Amino acid sequence: MRPNYKKLTKEEINELPLRYYEGPVHIVSSLKDAERACDALSREKIIGFDTETRPTFRKGEIHPTSILQLAGYDRVYIIQLHKLGLSESIIFILSHPDIIKCGVALDRDLIELMQLSPFDPQAFIDLGEIARRSDIPHHGLRGLAALFFGFRISKQARTSNWSAKKLTTKQINYAATDAWVGRELYSKFIDEKLI
């Protein structure tokens, strides 16, 4: 029998300690860096996945995906797509059927990535969908992190300029944390027999 998961209020989440990913983060801004990163990622079984896009403030304005975050076992790669596009090495990882890519609310991220370059997404697992099917009262990354790990992740940098030439420390922390939490939640969902 599955445990009964309690919905946390916004206030309860805000009282939790703030956590960031504390491991190594590699900023990938050239094709050569991307090949090196994807070579390392090709040896992973599970990758935390997320993207960020420069926000729009005018109706009808659309920006392409700015960065792609991929979290492996012991490091996170932040790939600046606005500098190098969706290279063959990145597409290889995103299309690999034996490498699980996990995160929350993946549909839009994948649609926007495929607008950069068409590919066949394989082995993507939407943790929000699993939470929904499992009667977990939280479906977003922040709520799931609070519920399962007892910490809060910051959403402050969400509407910053992700296409900036140089990312700020706050942006790097935010982006790396989201991908890392996705990977950690996948492992937790396996422990909880949700997957």
Side-chain angles (χ1 to χ4, degrees), residues 21 24-56 60-133 139-141 144 157-158 160-165 167 171-172 174-187 189-190 195:
Y21 175 70
V25 178
H26 298 272
I27 307 297
V28 176
S29 56
S30 71
L31 287 172
K32 196 173 185 177
D33 289 344
E35 280 177 27
R36 211 173 292 130
C38 291
D39 184 51
L41 287 164
S42 70
R43 294 188 279 277
E44 298 279 352
K45 294 273 180 245
I46 304 156
I47 294 174
F49 168 94
D50 195 24
T51 68
E52 300 299 337
T53 301
R54 185 176 160 194
T56 56
E61 186 180 43
I62 297 170
H63 297 290
T65 305
S66 303
I67 65 167
L68 166 65
Q69 306 102 276
L70 299 172
Y73 172 72
D74 61 355
R75 67 199 60 225
V76 175
Y77 297 92
I78 297 177
I79 302 167
Q80 292 185 293
L81 296 175
H82 63 95
K83 288 186 179 180
L84 58 108
L86 208 54
S87 69
E88 280 182 33
S89 57
I90 298 166
I91 288 172
F92 173 80
I93 297 296
L94 300 178
S95 305
H96 201 296
D98 298 325
I99 303 171
I100 291 167
K101 280 75 66 177
C102 49
V104 168
L106 302 182
D107 284 353
R108 187 164 168 220
D109 290 350
L110 291 172
I111 288 166
E112 289 176 358
L113 281 174
M114 285 187 277
Q115 287 170 351
L116 295 176
S117 183
F119 66 95
D120 181 21
Q122 296 280 321
F124 277 85
I125 294 183
D126 192 321
L127 302 167
E129 286 301 315
I130 291 171
R132 221 173 252 112
R133 285 197 306 264
H139 310 138
L141 203 62
L144 290 170
R158 181 171 44 198
S160 60
N161 181 7
W162 293 103
S163 293
K165 202 169 188 175
L167 296 172
Q171 285 178 309
I172 292 166
Y174 171 94
T177 299
D178 277 8
W180 165 70
V181 168
R183 192 180 189 283
E184 293 297 303
L185 279 168
Y186 178 82
S187 298
F189 278 21
I190 286 179
I195 297 176

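By convention here, the first residue in the shown sequence is residue 1. All figures in this text were calculated on a predicted structure; none of them were measured in a lab.
- Looking at heavy atoms from C-beta onward, Phe119 lies in side-chain contact with Leu110 at the 4.5 angstrom threshold.
- Of the possible polar contacts, none joining the Ser95 side chain to the Gln122 backbone as a donor-acceptor pair under 3.5 Å is found.
- At a threshold of 4.0 Å, the pair Arg132-Glu129 counts as salt-bridged, since one of the basic side-chain nitrogens sits closer than that to a carboxylate oxygen.
- Remark: the backbone N or O of Ser66 is not paired with any side-chain donor or acceptor of Glu52 at under 3.5 angstrom.
- The closest donor-acceptor contact from the side chain of Asp126 to the backbone of Val104 lies at 3.5 Å or more, if one exists at all.
- Without hydrogens or angle criteria, Lys101 side chain to Pro121 main chain gives no donor-acceptor distance under 3.5 Å.
- Note that CZ of Arg133 is 11.0 Å distant from NE2 of His139, once rounded to the nearest 0.5 Å.
- The two residues Gln69 and Ala179 have their closest heavy-atom pair at CB-CB, 3.7 Å.
- Put simply, CG on Asp98 and NZ on Lys45 are 7.0 Å apart, with the number rounded to the nearest 0.5 Å.
- For the atom pair Ile172 CD1 and Thr177 OG1, the distance stands at 11.0 Å (nearest 0.5 Å).
- Proximity of Leu68 to Phe49: side-chain heavy atoms (C-beta onward) are separated by under 4.5 Å at one or more points.
- Counting all heavy atoms, side chain and backbone alike, Ser160 lies closest to Gln171 at OG-NE2, 2.9 Å.
- Contact annotation: the side chain of Cys102 never approaches that of Leu185 to less than 4.5 Å [non-hydrogen atoms, C-beta and beyond].
- Within the model, atoms CD1 of Ile100 and CD1 of Ile190 stand 6.5 Å from one another, a figure rounded to the nearest 0.5 Å.
- Here the side chains of Tyr186 and Ile130 are not in contact, with every heavy-atom distance at 4.5 Å or above.
- Electrostatic pairing of Asp39 and Arg36 does not count as a salt bridge here, judged by no charged N lying under 4.0 Å from a carboxylate O.
- Note that CD1 of Ile47 is 8.5 Å distant from CZ of Arg183, once rounded to the nearest 0.5 Å.
- For the pair Leu81/Leu113, a side-chain contact is recorded, criterion being any heavy-atom separation below 4.5 Å from C-beta on.
- Taking every heavy atom of both residues into account, Thr53 and His63 meet most closely at CG2-O, 3.4 Å.
- Annotation: side chain to side chain contact (heavy atoms under 4.5 Å, CB included) contacts of Ser187 (sequence neighbours excluded): none.
- Among Tyr21, Tyr73, Tyr174, the one residue that satisfies the ring-ring contact (aromatic ring centres under 6.0 Å, His included) test with Trp180 is Tyr21.
- Using the six-membered ring where Trp is involved, Tyr77 and His26 have ring planes that are parallel, under 30° apart on the 30 and 60° scheme.
- Ile90 places a side-chain heavy atom less than 4.5 Å from the side chain of Cys38.
- Smallest separation of non-hydrogen atoms from Ala175 and Ile78: CB-CD1, 3.9 Å.
- Side-chain N or O atoms of Lys83 include none that pairs as donor or acceptor with a backbone N or O of Val28 at under 3.5 Å.
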Leu41 and Ile99: side chain to side chain contact (heavy atoms under 4.5 Å, CB included), yes or no, with the steps?
-> CA-CA 9 Å; Leu41 287 164; Ile99 303 171; over 6 Å; no
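- Across all their heavy atoms, Leu84 and Ala34 have their closest contact at CD1-CB, 4.1 Å.
- Residues Ala123 and His96 come closest through the heavy atom pair CB-O, 3.9 Å.
- Taken from CD1 in Ile125 to CG in Leu106, the straight-line distance is 9.5 Å, to the nearest 0.5 Å.
- Between Thr65 and Asp109 there is no side-chain heavy-atom pair separated by less than 4.5 Å.
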